Amino acid sequence: MKSITLLKGIINFFFLGFIIASLIIVYLTVFIPGGSLDSLWSFLASSNIMGGRPLDYLSPNILLVINMTRVALFFFILFHFRFSVLKFRVDNIYGADVRRHLDYMGYGCIIFAAIQICLRTIVPILYNKGYNIFPLNFTAFNSAYFIIALGLLFIYFSKVLEQAAILKSENDLTI
Amino acid sequence: METNQLLKITINIFFYVILFSVLGLSLFTSYAMISHDGVGILIDKDSNVVLNSAYEADLTFRDYMHVLIAILEAMFFTLSIYFLRKATLEMVDGRIFTKLVANSLRNTGFMMIIYKLCGIIKEQYKNIVYDSQFTMSFDFNGFESFIFIFVLGLFFILLSSVINNGIRMKSENDLTI
C-alpha cells in the first residue's frame with residue numbers, strides 16, 4: 001500500500017495542474033493586451049486536440065463544440081479517477097464509492113473514444129473527405145481502441161471489487 | 001454483447017495490431033540501418049524517426065542511439081499491452097483472484113511507467129543532442145500525458161495489491177468451508 005500515497009499525491013498534482021493550465025490558457029487568450037473572449041473561442045476551435053489529421057473542413061463552431069466536449073469529458077474522467085483513488089482506503093478498499101467512481105470513469109472513457117471514432121470515420125464520409133482504412137491511431141495510449149479497452153476495464157474492475165466486497169463480508173461474518 | 005466479450009475483442013485487436021506494427025517497424029528500421037540498398041532512415045527532430053525510401057542518410061552514433069531509444073519505447077509499450085491483455089483474458093475467463101492476474105497487473109503498471117520514462121529520455125536526448133538545449137515541461141492534456149500514464153501505471157500496481165488481498169481472503173474463505 002506504499003504506492004497509494006504516491007498515487008494520491010500525483011493525481012492531486014495532475015488534477016490541480018489541469019485546472020491551473022486551463023485557467024492560464026483562458027488568461028493568456030482573454031486578458032492579455034489584444035486578447036478577447038473571441039480569441040479564446042478561436043483558439044479552442046483551431047486547436048487540433050483530437051490529434052491526427054486536422055478536421056479543418058468542419059465549421060469553427062462545430063470544432064469549438066467538439067473540443068469543449070472533449071476537454072469536459074477528460075475533466076470528468078480525471079475527476080472520477082481522482083475520487084476513486086482518494087477513496088481507496090485500507091479500511092474501505094472495496095467500498096461502494098470506489099466502484100461507483102470506477103463505473104463513471106469507464107463510461108466517460110467509452111464516450112470519449114466513441115466521439116473520436118465518429119470524428120475519424122463517419123464525419124470524413126459525411127463531408128466527402130474519403131475514408132481512411134486506418135482512421136485511428138494505434139500507437140499510443142491516446143488511441144481510441146486503448147481508451148475503449150480502458151473504459152471497459154474500469155467497469156470490469158468495479159465488478160471485481162464488488163465480488164471482493166462479497167468475499168470480505170463473508171469472511172467477516174465467519175470470524 | 002456483454003462487457004466481458006467486448007473487452008476481450010477490443011484488447012485482442014489492439015494487442016495484435018500493436019504487436020505486428022511494432023515488430024514490422026522494428027525489423028524494417030533495423031534492416032534499413034544495416035543494409036545499403038536505397039532504403040534509408042531520416043532522423044527528423046520534429047517527427048522523430050522517419051523511414052524514407054528515397055533517402056539514404058549518413059547515420060551517426062547519435063542517430064543510432066535515437067533509433068534504439070525509440071525501439072525500446074515501442075517495446076515497453078507493447079509489453080504493457082501484452083501484460084494487460086494477459087490479465088484481462090484471465091479475468092474474463094472467470095479466474096479473477098489468481099497470482100497470474102495480480103502479477104500481470106503489476107507488470108502492466110511498471111511497463112507503462114518505464115514506457116513513459118523512455119519517452120522522456122527520448123525527448124530530452126533529442127533536445128540535448130540535436131538542439132543543444134534542455135527543456136522541462138508538464139503536459140496536462142490527454143491520455144498520452146506523462147503524468148496521466150504514470151498515475152495509470154501506479155493505479156494498476158494498486159489494483160494488483162487489491163487482487164492479492166482478494167486471493168488471501170478467498171483462501172481463508174475456502175479453508176473455513
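Each chain gets a letter, A, B and so on, in the order its sequence line appears, and its residues count up from 1. These numbers were taken from a predicted model, which means no experiment stands behind them.
- Of the listed residues (A/F15, A/F18, A/F14), just one forms a side-chain contact (heavy atoms from CB on, under 4.5 Å) with B/I147, and that residue is A/F14.
- No other option in A/I155, A/L150, A/I148 has as many heavy-atom pairs under 4.5 Å with chain B as A/L150.
- Neither the backbone nor the side chain of A/F75 comes within contact range of chain B, judged by heavy atoms closer than 4.5 Å.
- Only the side chain of B/S80 comes within less than 4.5 Å of a heavy atom in chain A; its backbone stays farther off.
- Heavy atoms closer than 4.5 Å to chain A are found in the side chain of B/F156, but not in its backbone.
- Residue A/I19: no heavy atom, backbone or side chain, is found under 4.5 Å from chain B.
- A salt bridge is absent between A/R100 and A/D103; no separation between the charged side-chain nitrogens and carboxylate oxygens falls under 4.0 Å.
- Interface residue A/F146: backbone and side-chain heavy atoms are both found under 4.5 Å from chain B.
- Only the side chain of A/I77 comes within contact range of chain B, with at least one heavy atom under 4.5 Å from a heavy atom of that chain.
- Neither the backbone nor the side chain of B/I167 comes within less than 4.5 Å of any heavy atom of chain A.
- At distances below 3.5 Å, not a single donor-acceptor pair connects side-chain atoms of A/Y156 with backbone N or O atoms of B/L7.
- In this structure, the portion of B/I81 lying under 4.5 Å from any heavy atom of chain A is its side chain and not its backbone.
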